[in-house]
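Numbering of residues begins at 1 and proceeds along the displayed sequence. Computed from a prediction, not measured in an experiment: that's the story for all the values here.
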Amino acid sequence: MMKAFIFDMDGVIIDSEPHHVEVEIDTAKRYGATITEEDLAEYTGMVSLDMWERVKEKHGLTGEVRDIHEHAHTEKLKRLKESDLTPIKGIPELMKKLSERNIPMAVASSSPRAYIEAVLQKFNIEDHFTSVISGEEVDQGKPAPDIYLETASVLGVDPKDCVVLEDSHNGARSAKAAGMTCIGYAAPDAGDQDLSMTDTVVQAIEEIDVDQL
């Protein structure tokens with residue numbers, strides 16, 4: 001029986017992936033490498049610092065990883081604030097249904113806390129969430145289960161009673177490794193993501209039937 005609902009953020013609450021990809025390609029170029037959207041697909045859902053460590057090693061970026069990460073983070077915040085992005089279609093209605101049923105909600109995102117908070121404030125939805133956890137605040141980021149286990153602990157809910165909404169392969173692996181039910185959202189801008197380990201896959205948020213969870 002569902003006792004809590006946990007949202008990933010990028011690609012689930014906000015269609016931020018195109019912005020992220022643009023910034024990451026530009027940042028890689030700034031630090032001496034040419035990468036493509038296809039190159040980045042395997043890192044979707046990972047903590048940014050972990051991603052840049054792997055990109056640097058694979059593509060030979062110059063500079064310190066923390067400097068690269070900080071530059072990309074600053075650019076992402078700037079583009080978010082300048083954007084006219086709104087929540088992904090169906091998300092406000094899903095949150096309303098969960099709230100009406102007194103189901104606690106949380107965000108478990110690999111993004112830095114400052115970016116998560118900026119998104120929630122932009123959409124004026126921060127008060128809907130009992131807990132917000134960043135992947136940078138746990139020992140291991142997705143696909144390790146740490147972020148989802150920590151979220152369940154903060155919520156005071158057994159992991160098996162949590163339902164997660166994820167759009168990435170790494171995120172889905174994390175949720176399942178934590179022993180949670182996972183709904184895979186086939187987000188159009190997430191690239192080619194393997195969601196086969198999820199309990200169900202939806203093409204649109206509106207397909208999620210809260211009463212069946």
Would you say that more than 12 heavy atoms from the other residues, nucleotides or ligands in this model lie under 6.0 Å from the [atom1] of [X], or not?
X	atom1	answer
Arg54	CZ	no
Glu64	CD	no
Asp192	CG	no

Using atom types as modelled, flag every donor-acceptor pair under 3.5 Å from a side chain in residues 122-133 to any protein atom, sequence neighbours excluded.
{"residue": "Lys122", "atom": "NZ", "partner": "Leu80", "partner atom": "O", "Å": "3.3"}
{"residue": "Lys122", "atom": "NZ", "partner": "Ser83", "partner atom": "O", "Å": "2.9"}
{"residue": "His128", "atom": "ND1", "partner": "Ile125", "partner atom": "O", "Å": "3.3"}

Classify the side-chain pair Asp194/Ser196 by whether it contains a donor and acceptor separated by less than 3.5 Å. yes
Kindly indicate whether the side chain of [X], heavy atoms from C-beta on, has any atom under 4.5 Å from the side chain of [Y].
X	Y	answer
Cys182	Met197	no
Val202	Ile183	yes
Leu40	Ile25	yes
Val210	Leu98	yes
Val107	Ile13	yes
Asp146	Glu150	no
Val23	His71	no
Glu166	Tyr148	yes

Transitively linked via ILVMFWY side-chain contacts under 4.5 Å: Leu149 with Ile147? no
Starting from Tyr43, can I reach Ile116 by hopping between I/L/V/M/F/W/Y residues whose side chains sit under 4.5 Å apart? no
Apply side chain to side chain donor-acceptor pair (under 3.5 Å) to Arg30 and list each qualifying residue two or more places apart in sequence or on a separate chain. none
Sorted by chain and number, sequence neighbours left out, side chain to side chain donor-acceptor pair (under 3.5 Å) with Glu207 holds for none
In sequence, state the C-alpha distance, the side-chain angles, and the governing distance for Leu195 and His169, and then conclude on side-chain contact (heavy atoms from CB on, under 4.5 Å). CA-CA 6 Å; Leu195 299 174; His169 175 70; 5.5 Å; no
Considering only distance and modelled atom types, tabulate donor-acceptor pairs under 3.5 Å from the side chains of residues 88-97, sequence neighbours left out.
{"residue": "Lys89", "atom": "NZ", "partner": "Glu206", "partner atom": "OE2", "Å": "2.6"}
{"residue": "Lys96", "atom": "NZ", "partner": "Glu100", "partner atom": "OE2", "Å": "2.5"}

Quick test of your reading of the model: are Lys58 and Glu42 salt-bridged, counting only N-O distances below 4.0 Å? yes
What I want to find out is whether Arg113 reaches Glu136 closely enough, with some N-O distance under 4.0 Å, to be called a salt bridge. no
Shortest non-hydrogen pair, Ala41 vs Gln193, comes out as O-NE2, 3.1 Å
Quick check: closest heavy atoms across Leu61 and Ala33, and the distance to 0.1 Å? CD1-CB, 3.5 Å
Hey, can you pull the donor-acceptor pairs under 3.5 Å for the side chains in residues 4-12, sequence neighbours left out?
{"residue": "Asp8", "atom": "OD1", "partner": "Lys142", "partner atom": "NZ", "Å": "3.1"}
{"residue": "Asp10", "atom": "OD1", "partner": "Ser16", "partner atom": "OG", "Å": "2.5"}
{"residue": "Asp10", "atom": "OD1", "partner": "His20", "partner atom": "NE2", "Å": "2.9"}
{"residue": "Asp10", "atom": "OD2", "partner": "Ser111", "partner atom": "OG", "Å": "2.5"}

Enumerate the salt bridge (charged side-chain N to carboxylate O under 4.0 Å, His left out) contacts for residues 167-186, please, sequence neighbours excluded, ordered by first and then second residue. Lys176-Asp199
